[in-house]
*Asks:* 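The following block contains the structure, expressed as structure tokens.
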Protein chains: 2
Amino acid sequence: MITRETDYAIRAMLYLAHHAGDGAISAATVAEAMDIPYRFLRRILSRLVGTNLLVSTRGKQGGLRLARDPEEVSLLDVVEAMDPEVITLNSCVLKSALCARSAYCAVHDELCRIQIYVNAELGAISLAKLVEHESGRNDDLPHTI
Amino acid sequence: MITRETDYAIRAMLYLAHHAGDGAISAATVAEAMDIPYRFLRRILSRLVGTNLLVSTRGKQGGLRLARDPEEVSLLDVVEAMDPEVITLNSCVLKSALCARSAYCAVHDELCRIQIYVNAELGAISLAKLVEHESGRNDDLPHTI
DNA sequence: ACTATATGATACTATACCCGTGTCATATAC
DNA sequence: GTATATGACACGGGTATAGTATCATATAGT
Ligand code: FES
Ligand code: FES
């Protein structure tokens, strides 16, 4: 399950992708626009800077901007930047050493197969694609599975 | 992420599927065979009985057995029996009301799409398939079920 | 009937994680 | 110099996880 922290990170990245080219944007602006607690967002942005997804400028007129083009940043990049374990189906899928059974467990192969698909899908969704889709969304679709 | 509890539930179901037709099997036997803490397993089995995946018999010669044929029980059945939220990508995917943004969030559609795929895959993996897969690979391994 | 064996139903605990908040330091534009 | 911005940590309440402990109840075999 994606945590609130990772969800906020995605929102923030989306906002900055939407305003790519507008120069540096402050954390306060992002927090206000995307309904994210300011202090919490500060720590999240700090991590995104640390993982080279964002670049920051301090002082007046400072703020955050994307380190790469929106086309070159995927959802997987953001999720992994925040927490490499957050979206894994089972802990042994990430580190098979965690479970002595992983060498012969029949479930393991299946979970790994699904995990690879999920990661590939998340890796194929760029911020640019998401920003583009924001305008032309189909509201007739159900928003729950 | 699948919890330890759900992982144990799957193991237990696999063991019982492998021994389907052998009559009732005690929790102690399953715990020993599948490396699961006995007390913890007791509570898990209790839940699997409550969700009609297992049937139990009390007293001497009692124990657990599958309520349905191994072909008719999927990994999704077991996972959902233990915790309906455990394998969801994001909370808003399960309950869109949890997030005010779900009505217009571009990420939401993508996550729902992936979630539907994952659920379908888990729903397509039966205990029978897993047992068959495992016995084909591990006939002479020490911890085979 | 008695007993050993099995599940049923709770209550309890200890640790870790999640979701924030608070404080202070530091860099920069004007 | 000051207002504005990020950087680096420390702290805390609430909840979930992973077990444990206890007692009640049902049944097979003697
Ligand atoms: S060891 Fe990974 S799922 Fe069984
Ligand atoms: S509201 Fe569900 S992912 Fe954004």
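As the structure is a prediction and not an experimental result, all values here were calculated from the model. Reminder, nothing fancy here: chain letters follow the sequence lines and each chain counts from 1.
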*Asks:* Counting only side-chain N and O atoms of A/Ser26, is one of them less than 4.0 Å from OP1 or OP2 of D/dT6?
*Replies:*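 Checking A/Ser26 against D/dT6: no side-chain N or O falls below 4.0 Å of OP1 or OP2.
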*Asks:* Rounded off to whole Å, could you give me the CZ-to-P distance for the A/Arg11 and C/dC19 pair?
*Replies:*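 In whole Å, C/dC19 P and A/Arg11 CZ are 12 Å from each other.
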*Asks:* Measure from CD1 on B/Ile25 to P on C/dA6 and round the result to the nearest Å.
*Replies:*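 Atom CD1 in B/Ile25 sits about 12 Å away from atom P in C/dA6.
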*Asks:* Write down the distance between CE (B/Met82) and C1' (D/dA18), rounded to a whole number of angstrom.
*Replies:*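 Between C1' of D/dA18 and CE of B/Met82: 12 Å.
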*Asks:* Write down the distance between CZ (A/Arg47) and P (D/dC9), rounded to a whole number of angstrom.
*Replies:*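 My rounded result for the distance is 14 Å.
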*Asks:* Please name the pair of heavy atoms, one in A/Asn119 and one in A/Leu76, separated by the smallest distance, quoted to 0.1 Å.
*Replies:*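 Shortest heavy-atom contact: O-CD2, 3.6 Å.
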*Asks:* If you compare all heavy atoms of B/Met82 against all heavy atoms of B/Arg47, which two are closest, and at what distance to 0.1 Å?
*Replies:*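 Looking at all heavy atoms of both residues, the shortest contact is O-NE, 3.3 Å.
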*Asks:* Rounded to the nearest angstrom, tell me the gap between atom CG in A/Asp7 and atom C1' in C/dC18.
*Replies:*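 Nearest whole value for this atom pair: 14 Å.
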*Asks:* Can you tell me which residue pairs pass the ring pair (Phe, Tyr, Trp, His ring centres under 6.0 Å) test with a partner in residues 40-91 of chain B, sequence neighbours excluded?
*Replies:*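 For residues 40-91 of chain B: B/Tyr8-B/Phe40.
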*Asks:* Are B/Arg113 and A/Glu121 close enough that some pair of their side-chain heavy atoms sits under 4.5 Å apart?
*Replies:*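 Counting from C-beta outward, B/Arg113 and A/Glu121 do come under 4.5 Å.
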*Asks:* Using atom CD1 of A/Ile2 as one end and atom C1' of C/dC17 as the other, report the distance to the nearest whole Å.
*Replies:*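 About 17 Å, once rounded to whole Å.
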*Asks:* Using a heavy-atom cut-off of 4.0 Å across all strands, would you classify A/Leu64 as base, sugar-phosphate, or nothing?
*Replies:*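 Here A/Leu64 touches the backbone only, sparing every base.
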*Asks:* Run the side chain to side chain donor-acceptor pair (under 3.5 Å) check on B/Arg42 and B/Tyr38 step by step: do they pass?
*Replies:* CA-CA 6 Å; B/Arg42 288 290 311 282; B/Tyr38 172 71; 3.3 Å; yes
*Asks:* Counting any heavy atom closer than 4.0 Å, what does B/Ala24 reach on the DNA or RNA strands: base, sugar-phosphate only, or nothing?
*Replies:*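 If one applies the 4.0 Å heavy-atom cut-off, B/Ala24 turns out to touch nothing in the nucleic acid.
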*Asks:* Quick check: closest heavy atoms across A/Leu54 and A/Leu45, and the distance to 0.1 Å?
*Replies:*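 What the structure gives for the nearest pair is CD1-CD2, 3.7 Å.
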*Asks:* Nearest whole angstrom, please: distance from the C1' of C/dC17 to the CE of A/Met1.
*Replies:*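 Whole-Å distance recorded here is 14 Å.
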*Asks:* Return a single string for nucleotides 20-30 of chain C, one symbol per nucleotide in 5' to 3' order, where B is base contact, S is sugar-phosphate-only contact and - is none, cutoff 4.0 angstrom on heavy atoms.
*Replies:* BBBB--BBBB-
*Asks:* Could you state the atom-to-atom distance from CG of B/Asp35 to C1' of D/dG19 in whole Å?
*Replies:*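 Going from CG in B/Asp35 over to C1' in D/dG19 covers 15 Å.
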*Asks:* Using a heavy-atom cut-off of 4.0 Å across all strands, would you classify B/Ala27 as base, sugar-phosphate, or nothing?
*Replies:*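 B/Ala27: backbone/sugar contact only, no base atoms under 4.0 Å.
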*Asks:* Which atom pair, heavy atoms only, marks the closest approach of B/Ala67 to B/Asn52?
*Replies:*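 Closest approach of B/Ala67 to B/Asn52, heavy atoms only: CB-O, 3.5 Å.
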